[in-house]
Every structure is written in structure tokens, then in C-alpha cells.
Number of protein chains: 2
Amino acid sequence: MDTADRTPSVTGGGRGRPRAGARGQTASMADVARLAGVSSQTVSRVSNGYAGVTEETRQQVLAAMKELGYRPNSAARALKRGEFRTIGVITFSLSTTGNVRTLEAIANSAAHEGYAVTLLPVAVPTQDEVRGAFTRLEELAVDAVIVIMEVHLLDAATIALPPHVQVVVVDSDAGDRYNVVDTDQAGGSRAAVRHLLGLGHGTVWHLGGPEGSFAAQRRADAWHAALVEAGRTPPPLLRGDWSAESGYRTGLELAAREDCTAVFVANDQMALGLLRALHERGRRVPEDVSVIGFDDIPEASSFLPPLTTLHQDFAEVGRLCVKNVLRKMRHEGAERGTTLVPTRLVVRESTAPPPSQA
Amino acid sequence: MDTADRTPSVTGGGRGRPRAGARGQTASMADVARLAGVSSQTVSRVSNGYAGVTEETRQQVLAAMKELGYRPNSAARALKRGEFRTIGVITFSLSTTGNVRTLEAIANSAAHEGYAVTLLPVAVPTQDEVRGAFTRLEELAVDAVIVIMEVHLLDAATIALPPHVQVVVVDSDAGDRYNVVDTDQAGGSRAAVRHLLGLGHGTVWHLGGPEGSFAAQRRADAWHAALVEAGRTPPPLLRGDWSAESGYRTGLELAAREDCTAVFVANDQMALGLLRALHERGRRVPEDVSVIGFDDIPEASSFLPPLTTLHQDFAEVGRLCVKNVLRKMRHEGAERGTTLVPTRLVVRESTAPPPSQA
DNA sequence: GAGGCCCATGTTTGCGTAAACATCGCGGCG
DNA sequence: CGCCGCGATGTTTACGCAAACATGGGCCTC
């Protein structure tokens, strides 16, 4: 009778509850409970799939939920449980294939694990901007963060991160301080150089990425090492900014050098530009010059000629990021260290033996 | 005295508060309030920048916040305020340039407005998948949703959406039921056709996108209409799936037709494949065949030859999406209707007058 | 047949915040 | 000189959910 007495005045529909912030009414557990004739705790149990609820009761509750269009309120749930089931992804621009593909893989993996992904774009990759993003992130509802970005930009910002937010990094060499997941840049570059040397080229030129990029650095280093290891003389390192345009500019220079018969380009976009430059200058690919890229973007097979390149398994990178960050959250180890995802050489039509100089 | 009595046992530091869900301690308002010697409400006022707090008190509170590393708990805040300050973006794959660029613009605009963006990837564009995404979304902490996707896939799912969640759609013709923001597909296509006719071509072929796509449909319709309007006979419509590979396949067919001197391709990727096919078959671009694309992806200027195409202003589309959805949330109108963002013709080297057939 | 035990369910409580309301003290004005 | 008003601050309460604890009834065991 206590219940009967309280029902109408405290929680009853008659009151026309105020509902401060939100516009649209949303049924709460209490509403469902009342309709189903059970306690709100029982509704909670059904909602969370706990055992110990009679099938009959469960059906009643489910029916009531359906009738009222009940949706659990995630804010309340997060408040109570102390976790948001959300992963933040902080990245500098979505203009590079790699970042996008990785992000997509992360989002898919996270969804699969029941986590949502909140995106934090950083317009300009300066420390200030990154710090700004992290500041926003702190106030945000995330349990963990994945950083797709060279980590040195993040160092100053890290201080501000709440201590319990776990971080996993892509594209960095900070394996000693963070948990890093990355493509095996070095292995891929070695494979590229060996492929070209194996075709008979005397040496291999390299068009690398921009200075700040860890991936670019790593690819350039491995290229250099592979040549030295094979007893060849590495030509001077050329640099682009990942864009097709920069590949074109470099290609114009390179086309003028008769002694250049093989180029390893640090990504497919630049390779595209390079192909255009070579074509314009009358240097045939692969007859006069062999070109190999990195990434294996979907368009690579439609380049002129179809591009030999190193396939990156972005999906795997994303998957591992999520896996690692969740493991860290659950304190199952893997606090630091680097996980490498292997690449795969895809041979198409842009590489061939060098022109016979006999 | 009641207060004095309760303080040590209820909120005092001595107890070592349990902190159920979360790992890392986070200072709460109460902690800050105690340290600063004020009430938690005053902390709230400082935290939210309300007037009516003495500068002196404010400084004390700020100092206490800093010392404790206080971060407002967004779950509690969301629960109290009834809003999450988060926008959900649901999209089918991030593999097309347009989607990615739009997403990026949305994220930037949202960040600018103080909103976070939660990503909801849909692996396969089936109704079931979309409905699944929406179900996840419902339980998610979002105030509004932007759908980057043909809307008919979403129809069945909409029912499940909580009524107060606003929706804005990209790439759809559902302007009568939703608020739609989109590139002016028709205007762009007309510009493409007119550009080619203006160069002297008798008619223009069209390689369109896949059946399900509204953008593809719209571009094809406008292409057809522009030709009819100019008194030309439209050739049969060809279809690809947006991929360079499909452009290549179509290109092989088209290369065999002597009467084809101009092709309007519905996106740049397919144009890339088409260029390769024409090249392989010895049809020169633009001397023998003119090709015009759509999108103006960054690589388009590095195609062989650099591609004439229609520039889409994705940044503007994203900005408008956010603007509209926020306006809807604030009930400032704009419930329905379509907003079109104009395109811009970028003339490069893939278009020229037709070969003289005299 | 009585005691205990366990299963299904109900009740209480508090997560951190902020709106609403309460209080308190001080200055100005009649 | 007393009262009013207002500005600064404190107190209470509820947001929706779920852990912890409470209850109560049926069944098993000896």
C-alpha cells in the first residue's frame, strides 16, 4: 500500500514531469517499471541481460519497453558505471589514405567491440593545436585515445591527459613510451629495394615523404640500409610532401638523369605524379625507369602503367589499435612496445629489368 | 553541526571512496569545493563561467581545480543537462573521397561549435546494417545525426530513432522528408556537358555511378537533360561503380567507338581508369577524346593528362550540415528542404575540341 | 515437519552536476 | 534609522541508472 500511495504523486504521469534539458520525452526505467508492474531494478536487470529474471516477467518488461519506446540513457549509464564505452581518435587531417583507412578500421573494430568512436580532428599539426584537441578530449566522454600522428607533436599535451585514459599511437617511434601499432615500414622498404635490385638495377633512387613524418623517415632509413647492405651506392635522398604534385616536381628533375633507372616512391600519390612527369619527358615506365610505390591505394592498379607497390594492411593496424587499447584499459598488459604489421609486395607493370646498357 | 557531523564520514578523504567503475581517481566538484572552502555550487558556477562570483573566490576555486586536476565529468553533465554536445555521423564506408572530405569538414565545423563527432560506420549498405547502426546510435550519446548516405536505406530504420534526435542528410533526394545538404549535382553536370559542347563536340557520353546512388542518378539525369536541351542525341548511359577499375573496363569498350569524342565521367577515380584504357587503346586524350571528371580530388591535377573536372566544395557541405542540424536542434526552423552547394568547373588538359572530321 | 537456503524481486542509495530555491550581509534610500 | 533590494554564496533536489542490500516465499534436506 505504500507503493500504491506513492505512485500517483511521486512518479505518476499526472505530474507532467518538467524534463529540463532535453526536448523530446524519453521514457525512463521508472516509466517502464510502472507500466510493467515491476520495480525499476527489474527493468535494469532485463535491460542488461542479467540472469535471475523469470521469463514471464522478462516478457512483460520487454513489452512495456517496446510500448514506451524505452532507450537506456547513456549519460546516466556512463555516470553510474564510470565508463563511456567510447574511444577517441585524434588525427591530423583525413587527407592521407593511410589515416582514413586506419580510422575506418578502428571504427569498425570498435563497433564490433561495442565501443563508439569519437573523432578529434586537428586542423594544423602544431603543438598548440594538438594540445587544444587533447583539452577538448579531456572533457569529452572517452575511455581511451588512439593517436594517428607522429607523437612528438603530442608530448607537451600528454601532461594534460587524465591519468586513466589509455593511449595507443600509430605512426611514431615512441614505442618506449607508448604502445605503438604500425605498418612494418622498414620491411616494406627493404622488399621494394630488393625487388628492384633483383630485377637487375644497379641502384635505387628514393622519393621520400616530408621531414616530420616518422613513416617517411623509417622508409628512407630502410631504403638506405638495404642499398648499403647490398653493396650499392645510395643516390641522394629526394623529398616530397606526399602529394601527387610534389611527386610530379621531383619526377621532372629525375627524368633528366639518364642514370636513374629505378625509383622507390614513399607513397602511391607521389608515384602518380612521378609517372606523369616521366611520361611527359618521354621516359617510358617500366622500359626506361621502374617505379614502385607504397600503400597500394585502390587506384594504383589503374595508374599508367598499373603501379607495383607495397600493400599496407590498414584494417589490421586499426584492429590491433583497438585490441591493444582495450587490453590496456582492462590492465591486461601490453603497456608499451611496438607492434608491426607486415606489408605485401604487389607486382604490377611499373617495374621491369633496366634497359640493357650493353 | 549537521554538516560538521556528516563531512568526515560521507565525503571526507579518510574513507577512501570506493569509485566503482572508473580506474583512475578523478576529482569531483565536491573535492574542489572542499579544498577551496566553498560550496560545490560555486565550483559549478566557476566551471560554467557564470557571473556573480567574486574575483577572489573565483581565483581560489580555479587554484583548487588546478591542484586537483579537476575535469568536469561529462556523463554527469550530460545527465543533468539532457544533452551531450555530440553529433553522430553515420556513413557507408570511408572509401569514397566525397564521404571522407565531408566527414572531415563536419568534424571541423562541429569542433568549432563545441560539438564532438561520433562516427558510425556501416559495413554493408543494407537496410539491416543501417538499422543496426541506428540502434547502436540510439543508445549512444548523441543529440543529432548526420547521414552521409542515400536515404532510402534508412527509411525503415528511422522509426527507431528517438523523436528528438534531429537528422540532416547528404546525398539524397529526400528533401521533402529531411533536411538535405548536397552538392549541386545537376548544375555541375550541366556545366560539364556545356563545356564539352562548347568545345564543338557533337554529343557527350556519360559514365555514371552505380544504380543505388542518388548522386549518380542526379548527374546522369542532368547530363541527359542538358543534351536534350541543346538538341543533341544522348548516347546510351554507361554505368560504373565509382572505382577506377570500373572506369577502365568501360574505357575499353568506349575506346572501340570511333564516334565517341567526349566523355563526362561521374567521378575522378573512374576517369582515371578510363584514361588508362584510352591510352592503352591508343586513343589520345584530349586530341581524340575529351574526358571530364567530377569531384576534383587532389590527384586529378596529376593524371595523364591533368583532368578537367568539377570541383566540389565538401568543406561547405560539411559546414552547412552542422549548421543546419544545430539550427534544427535549437528549433530555429529549416526543418526540411534541400540546400545546394555549387560546383566549379576546373579546366585542365583532358578536354579539347574534337578531332576535325572534315 | 522444521530449518535453512536460494531464487526472484523490491528498496535504498549514490554516481557528479546544476537548476531552483534559501540565506546572509551590506549599502542605499525614504 | 530601519527597511528593501540585490549581489554573493550555500542548500536541496533530481537527472536515470545499477550496485548493494533487503525481503519473502517455495523447496530441499534431515
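This is a predicted model, so every value here is computed, not measured. In what follows, every chain begins at residue 1, and chains take the letters A, B, ... in the order their sequences are listed.
Using a 4.0 Å cut-off, some side-chain N or O of A:Arg81 falls inside it from OP1 or OP2 of D:dA18. Under 4.0 angstrom from either OP1 or OP2 of D:dC15 there lies no side-chain N or O belonging to A:Ser28.
Among the candidates A:Val46, A:Val32, A:Thr57, the single residue satisfying the side chain to side chain contact (heavy atoms under 4.5 Å, CB included) test with A:Val38 is A:Thr57. Shown are B:Val147, B:Val145, B:Val181; of these, the side chain to side chain contact (heavy atoms under 4.5 Å, CB included) with B:Val168 is made only by B:Val181. Residue B:Val89 is tested with B:Thr102, B:Val322, B:Leu103 for a side chain to side chain contact (heavy atoms under 4.5 Å, CB included); the sole match is B:Leu103.
Remark: C1' of D:dG16 and CZ of A:Arg34 are 13 Å apart, rounded to the nearest angstrom. When rounded to the nearest whole Å, the span between CE of A:Met29 and P of C:dT9 equals 15 Å. Spacing between atom CG of B:Asp31 and atom C1' of C:dC15 amounts to 13 Å, rounded to whole angstrom units. Whole-Å rounding puts the B:Arg77 CZ to C:dA18 P distance at 5 Å. In this structure, A:Met65 places its CE atom 12 Å from C1' of D:dC17, rounding to the nearest Å. Rounded to whole Å, atom P of D:dC17 lies 12 Å from atom CZ of A:Arg71. The distance between atom CG of B:Asn73 and atom P of C:dA18, rounded to the nearest whole Å, is 10 Å. Look at CZ on A:Phe84: it is 11 Å from P on C:dG16, rounded to the nearest Å.
The closest side-chain donor-acceptor pair between B:Arg77 and B:Ser47 falls under 3.5 angstrom.
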Donor-acceptor pairs are to be reported for all side-chain atoms of residues 58-67 of chain B against protein atoms at under 3.5 Å, with residues two or more places apart or in another chain.
| residue | atom | partner | partner atom | Å |
| --- | --- | --- | --- | --- |
| B:Arg58 | NE | B:Glu55 | OE1 | 3.4 |
| B:Gln59 | NE2 | B:Glu55 | OE2 | 2.7 |

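Side-chain N or O atoms of B:Asn99 include none that pairs as donor or acceptor with a backbone N or O of B:Leu94 at under 3.5 Å. A donor-acceptor pair is defined here as one N or O able to donate and one able to accept, closer than 3.5 Å; such a pair exists between the side chain of B:Asp31 and the backbone of B:Ser28.
You'll find that the side chain of B:Lys80 is closest to C:dA19, out of D:dC17, D:dG10, C:dA19. For A:Leu79, the side-chain atoms get nearest to C:dC15 when compared with the rest of C:dG10, C:dC15, D:dC17.
Shortest non-hydrogen contact noted between B:Phe84 and B:Asp143 is N-OD1, 2.8 Å.
Of the residues in residues 39-56 of chain A, those with a non-hydrogen atom less than 4.0 angstrom from any atom of DNA chain D are A:Gln41, A:Ser44, A:Asn48, A:Tyr50.
B:Met29 places a side-chain heavy atom less than 4.5 Å from the side chain of B:Ser44.
With the end axes of the helix from C:dG1-D:dC30 to C:dG30-D:dC1 each set by five pairs, the angle from one to the other reads 50° at 10° resolution.
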